[in-house]
Amino acid sequence: MALYEHVFLARQDLAQAQVDALAEAATKIVQDNQGKVVKTESWGLRSLAYRIAKNRKAHYVMLEIDAPAGVVAELERQTQINEDIIRYMTVKVDELEQGPTVMMRKQERDRERRGDREGGRDGGPRGDRGDRPERGDRPDRAPRRDREEEAA
(Lines give C-alpha, C1' and ligand atoms only; values in the text may rest on other atoms or scores of the structure.)
Protein backbone atom coordinates (compact mmCIF):
# COMPACT_ATOMS: atom_id res chain seq x y z
CA MET A 1 0.00 0.00 0.00
CA ALA A 2 1.06 3.58 -0.62
CA LEU A 3 1.68 6.32 1.94
CA TYR A 4 -0.09 9.69 1.74
CA GLU A 5 -0.39 12.94 3.66
CA HIS A 6 -3.86 14.49 3.39
CA VAL A 7 -4.28 18.06 4.69
CA PHE A 8 -7.62 19.85 4.71
CA LEU A 9 -8.71 23.33 5.75
CA ALA A 10 -12.06 23.66 7.48
CA ARG A 11 -14.12 26.86 7.74
CA GLN A 12 -13.15 29.29 10.50
CA ASP A 13 -16.62 29.43 12.08
CA LEU A 14 -16.62 25.72 12.98
CA ALA A 15 -16.09 24.67 16.58
CA GLN A 16 -13.13 22.43 17.37
CA ALA A 17 -15.52 19.54 18.04
CA GLN A 18 -16.92 19.89 14.50
CA VAL A 19 -13.40 19.91 13.05
CA ASP A 20 -12.61 16.76 15.02
CA ALA A 21 -15.80 15.19 13.62
CA LEU A 22 -14.59 15.99 10.07
CA ALA A 23 -11.28 14.26 10.84
CA GLU A 24 -13.18 11.26 12.23
CA ALA A 25 -15.32 11.09 9.08
CA ALA A 26 -12.19 11.11 6.90
CA THR A 27 -10.67 8.38 9.07
CA LYS A 28 -13.83 6.28 8.70
CA ILE A 29 -13.75 6.64 4.89
CA VAL A 30 -10.15 5.39 4.83
CA GLN A 31 -10.83 2.50 7.21
CA ASP A 32 -13.99 1.40 5.37
CA ASN A 33 -11.91 1.01 2.20
CA GLN A 34 -9.17 -1.20 3.74
CA GLY A 35 -6.84 1.71 4.48
CA LYS A 36 -5.27 2.86 7.72
CA VAL A 37 -4.84 6.33 9.22
CA VAL A 38 -1.44 6.25 10.91
CA LYS A 39 -1.58 9.70 12.52
CA THR A 40 -3.98 12.63 12.82
CA GLU A 41 -2.77 16.12 13.74
CA SER A 42 -4.89 19.19 14.28
CA TRP A 43 -2.77 22.28 13.67
CA GLY A 44 -5.46 24.62 14.96
CA LEU A 45 -6.98 27.83 13.66
CA ARG A 46 -4.43 29.66 11.52
CA SER A 47 -4.50 32.72 9.30
CA LEU A 48 -4.68 32.19 5.54
CA ALA A 49 -2.35 33.96 3.11
CA TYR A 50 -5.39 35.24 1.22
CA ARG A 51 -9.14 35.11 1.67
CA ILE A 52 -10.81 31.88 0.51
CA ALA A 53 -14.62 31.86 0.22
CA LYS A 54 -14.87 34.84 2.62
CA ASN A 55 -12.66 33.08 5.21
CA ARG A 56 -9.55 34.79 6.57
CA LYS A 57 -8.65 31.88 8.84
CA ALA A 58 -9.11 28.11 8.71
CA HIS A 59 -8.73 25.04 10.90
CA TYR A 60 -5.84 22.92 9.56
CA VAL A 61 -5.93 19.12 9.95
CA MET A 62 -3.38 16.61 8.63
CA LEU A 63 -3.89 12.86 8.23
CA GLU A 64 -1.09 10.41 7.50
CA ILE A 65 -2.60 7.55 5.52
CA ASP A 66 -1.41 4.07 4.52
CA ALA A 67 -3.87 2.96 1.83
CA PRO A 68 -4.34 1.99 -1.83
CA ALA A 69 -4.92 4.71 -4.44
CA GLY A 70 -8.67 4.02 -4.69
CA VAL A 71 -9.09 5.03 -1.06
CA VAL A 72 -7.52 8.42 -1.71
CA ALA A 73 -9.82 8.96 -4.69
CA GLU A 74 -12.87 8.24 -2.52
CA LEU A 75 -11.56 10.45 0.30
CA GLU A 76 -11.02 13.36 -2.09
CA ARG A 77 -14.46 12.83 -3.63
CA GLN A 78 -16.11 13.01 -0.20
CA THR A 79 -13.98 16.02 0.75
CA GLN A 80 -15.10 17.94 -2.37
CA ILE A 81 -18.74 17.40 -1.46
CA ASN A 82 -18.36 18.68 2.11
CA GLU A 83 -19.23 22.39 2.42
CA ASP A 84 -17.24 22.80 5.64
CA ILE A 85 -13.92 22.01 3.92
CA ILE A 86 -12.63 24.95 1.88
CA ARG A 87 -9.35 23.43 0.59
CA TYR A 88 -7.55 20.09 0.68
CA MET A 89 -4.40 18.52 -0.67
CA THR A 90 -3.21 14.93 -0.77
CA VAL A 91 0.45 14.17 -1.39
CA LYS A 92 2.03 10.76 -1.92
CA VAL A 93 5.17 10.39 0.22
CA ASP A 94 7.98 7.84 0.30
CA GLU A 95 7.85 7.47 4.07
CA LEU A 96 5.82 8.91 6.90
CA GLU A 97 7.47 11.36 9.28
CA GLN A 98 8.23 9.89 12.69
CA GLY A 99 7.21 11.93 15.72
CA PRO A 100 5.47 15.30 15.49
CA THR A 101 5.46 17.15 12.17
CA VAL A 102 7.24 20.45 11.62
CA MET A 103 4.01 22.37 12.27
CA MET A 104 3.54 20.74 15.67
CA ARG A 105 7.19 21.34 16.63
CA LYS A 106 6.80 25.00 15.62
CA GLN A 107 3.71 25.36 17.83
CA GLU A 108 5.61 23.82 20.76
CA ARG A 109 8.53 26.20 20.19
CA ASP A 110 6.17 29.19 20.08
CA ARG A 111 4.49 28.07 23.32
CA GLU A 112 7.86 27.76 25.03
CA ARG A 113 8.87 31.25 23.90
CA ARG A 114 5.65 32.72 25.21
CA GLY A 115 6.22 30.89 28.49
CA ASP A 116 9.65 32.55 28.86
CA ARG A 117 8.08 35.99 28.77
CA GLU A 118 6.48 37.01 31.98
CA GLY A 119 4.62 40.15 32.76
CA GLY A 120 3.91 42.56 29.99
CA ARG A 121 0.89 44.81 30.14
CA ASP A 122 0.18 43.97 33.76
CA GLY A 123 3.31 45.89 34.77
CA GLY A 124 5.59 42.96 35.47
CA PRO A 125 9.07 42.54 33.98
CA ARG A 126 9.34 41.38 30.40
CA GLY A 127 11.88 38.75 29.51
CA ASP A 128 12.19 39.78 25.86
CA ARG A 129 13.52 43.30 26.57
CA GLY A 130 16.92 42.27 27.84
CA ASP A 131 18.72 44.23 30.56
CA ARG A 132 17.59 47.82 30.28
CA PRO A 133 18.87 50.43 32.68
CA GLU A 134 16.43 52.22 34.97
CA ARG A 135 15.33 55.53 33.49
CA GLY A 136 14.77 57.22 36.80
CA ASP A 137 12.16 59.90 37.32
CA ARG A 138 11.25 61.84 34.22
CA PRO A 139 11.37 65.59 34.57
CA ASP A 140 8.02 67.34 34.46
CA ARG A 141 7.18 68.44 31.00
CA ALA A 142 6.50 72.03 30.11
CA PRO A 143 2.78 72.83 29.99
CA ARG A 144 1.18 72.88 26.57
CA ARG A 145 0.66 76.26 24.93
CA ASP A 146 -3.06 75.86 24.37
CA ARG A 147 -3.56 75.30 28.10
CA GLU A 148 -1.55 78.39 28.94
CA GLU A 149 -3.64 80.47 26.58
CA GLU A 150 -6.90 79.19 28.12
CA ALA A 151 -5.68 80.11 31.60
CA ALA A 152 -4.77 83.66 30.53
Side-chain angles (χ1 to χ4, degrees), residues 1-136 138 141 144 146:
M1 287 197 275
L3 304 173
Y4 299 92
E5 288 183 356
H6 177 76
V7 178
F8 67 86
L9 281 60
R11 289 192 347 235
Q12 65 187 359
D13 58 341
L14 297 179
Q16 187 61 43
Q18 292 171 303
V19 175
D20 293 341
L22 288 172
E24 288 293 324
T27 301
K28 186 174 180 340
I29 291 168
V30 172
Q31 290 173 347
D32 289 348
N33 292 298
Q34 285 69 43
K36 182 171 80 172
V37 174
V38 178
K39 180 170 45 174
T40 303
E41 286 187 354
S42 179
W43 295 340
L45 185 66
R46 305 178 59 82
S47 295
L48 298 171
Y50 53 90
R51 204 177 335 175
I52 302 172
K54 298 184 182 177
N55 290 286
R56 293 186 181 276
K57 293 184 175 192
H59 293 274
Y60 284 64
V61 179
M62 196 257 325
L63 304 172
E64 289 186 354
I65 301 169
D66 183 6
V71 175
V72 173
E74 176 62 18
L75 177 63
E76 288 185 345
R77 187 184 75 76
Q78 292 286 340
T79 302
Q80 283 178 338
I81 294 170
N82 197 325
E83 294 175 352
D84 293 333
I85 297 176
I86 55 178
R87 287 283 193 277
Y88 68 92
M89 181 173 68
T90 307
V91 178
K92 186 174 182 180
V93 293
D94 293 331
E95 61 184 49
L96 298 175
E97 192 171 338
Q98 299 299 316
T101 59
V102 173
M103 293 296 287
M104 294 301 284
R105 289 193 301 256
K106 181 180 181 300
Q107 287 178 352
E108 257 324 292
R109 209 171 38 244
D110 291 347
R111 254 187 240 117
E112 288 173 5
R113 286 184 185 153
R114 273 180 283 180
D116 292 346
R117 296 184 199 146
E118 295 181 15
R121 292 184 184 245
D122 61 351
R126 295 208 33 160
D128 61 333
R129 298 244 177 166
D131 296 329
R132 295 178 80 181
E134 289 292 323
R135 295 188 339 176
R138 297 174 85 179
R141 294 185 178 177
R144 292 177 33 190
D146 57 342

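Computed over heavy atoms, backbone and side chain alike; hydrogens, waters and symmetry mates excluded. Starting from 1, each residue takes its place in the sequence as its number.
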Could you measure the distance from the [atom1] atom of [X] to the [atom2] atom of [Y]? Nearest 0.5 Å is fine.
X     : Y     : atom1 : atom2 : result
Ile86 : Lys54 : CD1   : NZ    : 13.5 Å
Asn55 : Asp13 : CG    : CG    : 6.5 Å
Ile52 : Arg87 : CD1   : CZ    : 4.5 Å
Thr40 : Asp20 : OG1   : CG    : 9.5 Å
Lys92 : Ile65 : NZ    : CD1   : 13.0 Å

Original post:
So among Thr79, Asn82, Val61, which one has a side chain to side chain contact (heavy atoms under 4.5 Å, CB included) with Leu22?
Top reply: Asn82
Find out whether [X] and [Y] are in side-chain contact, i.e. whether some heavy atom of one side chain is under 4.5 Å from a heavy atom of the other.
X     : Y     : answer
Met62 : Glu5  : yes
Leu45 : Gln12 : yes
Val72 : His6  : no
Arg56 : Tyr50 : no
Leu63 : Tyr4  : no

Subject >> Thr90 and Glu76: side chain donor to acceptor below 3.5 Å >> reply: yes
Subject >> More than 12 heavy atoms of other groups within 6.0 Å of Met89 CE >> reply: no
Subject >> Results of side-chain contact (heavy atoms from CB on, under 4.5 Å) for Ala73 - residues two or more places apart only >> reply: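 side-chain contact (heavy atoms from CB on, under 4.5 Å) check on Ala73 returns nothing, list empty.
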Result block: side-chain N/O donor-acceptor pairs under 3.5 angstrom for residues 23-37, not counting sequence neighbours:
unit_1 : atom_1 : unit_2 : atom_2 : d
Thr27  : OG1    : Ala23  : O      : 2.8
Lys28  : NZ     : Asp32  : OD2    : 2.9
Asn33  : ND2    : Ile29  : O      : 2.8

Original post:
When you check the gap from the basic side-chain N to the acidic O, do Glu41 and Lys39 get nearer than 4.0 Å?
Top reply: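 Yes, this pair counts.
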**OP:** Could you pull out the closest heavy-atom pair between Leu14 and His59, with the gap in Å?
**Re:**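 For Leu14 versus His59, the nearest heavy atoms are O-NE2, 3.0 Å.
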Subject >> Tyr60/Leu48 under side-chain contact (heavy atoms from CB on, under 4.5 Å): CA gap, chis, key distance, verdict >> reply: CA-CA 10 Å; Tyr60 284 64; Leu48 298 171; 3.4 Å; yes
